[in-house]
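Here's the structure, in structure tokens; my notes come after.
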Amino acid sequence: MANVNEANQVWTINSDIAHIEQDSLNRVAILNLKINQPVILSRTAAELWHLIISGSTRHELVKFIFEKYEISSNEANIHVKKFIDSLIMAKIILSRSTSNQGIPANHG
């Protein structure tokens with residue numbers, strides 16, 4: 001399983017991204033306006049995209065996959081990592097940051 005910092009990751013969406021959702025088919029079309037290579041996400045990938053743009057953490061994505069498919073948390077983590085890595089490679093997600101949700105600040 002991912003360490004605590006990785007589990008609390010959230011992602012920044014590239015400002016050059018346009019996306020269109022087709023709710024009836026649970027599909028999302030994503031386009032990097034500088035690269036012109038569309039990415040079409042359907043079903044689970046589209047659901048993960050919605051979680052990402054709503055600010056969900058890596059832990060929440062893994063939990064979603066774990067519960068939806070009743071697989072081990074390690075396997076769910078591998079699937080989420082591959083998905084996130086593919087979005088990074090397509091320059092849909094520019095950077096990763098750490099969410100401070102539920103984590104006390106370190107005062108020292």
Side-chain angles (χ1 to χ4, degrees):
M1 188 66 184
N3 69 37
V4 173
N5 287 337
E6 288 177 344
N8 291 305
Q9 285 178 332
V10 293
W11 296 270
T12 302
I13 308 303
N14 184 339
S15 62
D16 295 323
I17 295 297
H19 63 98
I20 299 171
E21 300 179 31
Q22 190 174 22
D23 289 332
S24 62
L25 297 176
N26 198 19
R27 290 181 4 164
V28 177
I30 302 171
L31 177 64
N32 182 322
L33 298 172
K34 288 189 175 180
I35 297 175
N36 292 327
Q37 288 183 304
V39 173
I40 308 297
L41 304 176
S42 59
R43 298 186 200 104
T44 304
E47 291 175 301
L48 287 173
W49 171 254
H50 288 131
L51 291 171
I52 289 168
I53 64 174
S54 71
S56 293
T57 65
R58 179 187 187 105
H59 173 75
E60 291 165 330
L61 300 180
V62 170
K63 182 179 177 189
F64 171 79
I65 295 296
F66 171 77
E67 291 174 352
K68 182 170 181 135
Y69 294 104
E70 298 178 358
I71 59 176
S72 72
S73 60
N74 187 49
E75 191 174 352
N77 188 52
I78 290 167
H79 288 293
V80 167
K81 181 182 180 341
K82 286 180 181 179
F83 179 70
I84 293 301
D85 289 348
S86 70
L87 293 179
I88 291 169
M89 288 184 68
K91 298 185 180 183
I92 293 169
I93 297 174
L94 287 179
S95 63
R96 299 177 184 187
S97 61
T98 301
S99 168
N100 289 328
Q101 297 172 332
I103 299 173
N106 184 6
H107 299 287

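Crowding of Lys91 atom NZ: a count of heavy atoms from other residues, nucleotides or ligands under 6.0 Å not exceeding 12. The neighbour count for Glu67 CD, taken as heavy atoms of other residues, nucleotides or ligands under 6.0 Å away, is above 12. With a 6.0 Å radius and a threshold of 12 heavy atoms from other residues, nucleotides or ligands, Leu33 has its CG atom above the threshold.
Between the NZ atom in Lys34 and the CD1 atom in Ile17 there is a gap of 11.0 Å [rounded to 0.5 Å]. Atoms CD1 and CG, on Ile30 and Leu41 in that order, are 4.0 Å from each other to the nearest 0.5 Å. We find the NE2-CD distance between His59 and Gln9 to be 13.5 Å, quoted to the nearest 0.5 Å.
Looking at His79 and Leu48, their side chains never come closer than 4.5 Å, going by heavy atoms from C-beta outward. By the 4.5 Å heavy-atom criterion applied to side chains, Asn74 and Ile78 are counted as neighbours. The closest side-chain heavy-atom distance from Ile65 to Phe83 is not below 4.5 Å. Two residues are said to be in side-chain contact when any heavy atoms from C-beta on lie closer than 4.5 Å; Asn32 and Gln37 fail this criterion.
Hydrophobic clustering (ILVMFWY, side-chain heavy atoms < 4.5 Å, transitive): Ile88 and Leu51 are in one cluster. One hydrophobic cluster holds both Val62 and Phe64 under the rule that ILVMFWY side chains link at heavy-atom gaps under 4.5 Å. Taken together through direct or relayed side-chain contacts under 4.5 Å among Ile, Leu, Val, Met, Phe, Trp and Tyr, Val39 and Val80 form part of one hydrophobic cluster. Placement of Ile92 and Ile35 in two distinct hydrophobic clusters is found when ILVMFWY residues are connected by side-chain heavy-atom separations under 4.5 Å, directly or transitively. Ile93 and Leu31 fall into different hydrophobic clusters, defined by Ile, Leu, Val, Met, Phe, Trp and Tyr side-chain heavy atoms under 4.5 Å apart, directly or through other members.
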**OP:** Could you check Tyr69 against Thr44 for side-chain contact (heavy atoms from CB on, under 4.5 Å), going step by step and ending with a plain yes or no?
**Re:** CA-CA 10 Å; Tyr69 294 104; Thr44 304; 2.2 Å; yes

Original post:
Between Ile52 and Ile13, is a side-chain contact (heavy atoms from CB on, under 4.5 Å) present by the stated rule, with each step listed?
Top reply: CA-CA 9 Å; Ile52 289 168; Ile13 308 303; 3.9 Å; yes

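Of all heavy-atom pairs spanning Ala76 and Phe66, the tightest one is CB-N, 3.8 Å. What you find for His19 and Trp49 is that their closest heavy atoms are ND1-NE1, 3.7 Å. Closest non-hydrogen pair, Ile40 versus Ala29, comes out as CD1-CB, 3.6 Å. Among all heavy-atom pairs drawn from Ser56 and Val10, the shortest one is O-CG1, 3.6 Å. The two residues Gly55 and Glu60 have their closest heavy-atom pair at O-OE1, 4.4 Å.
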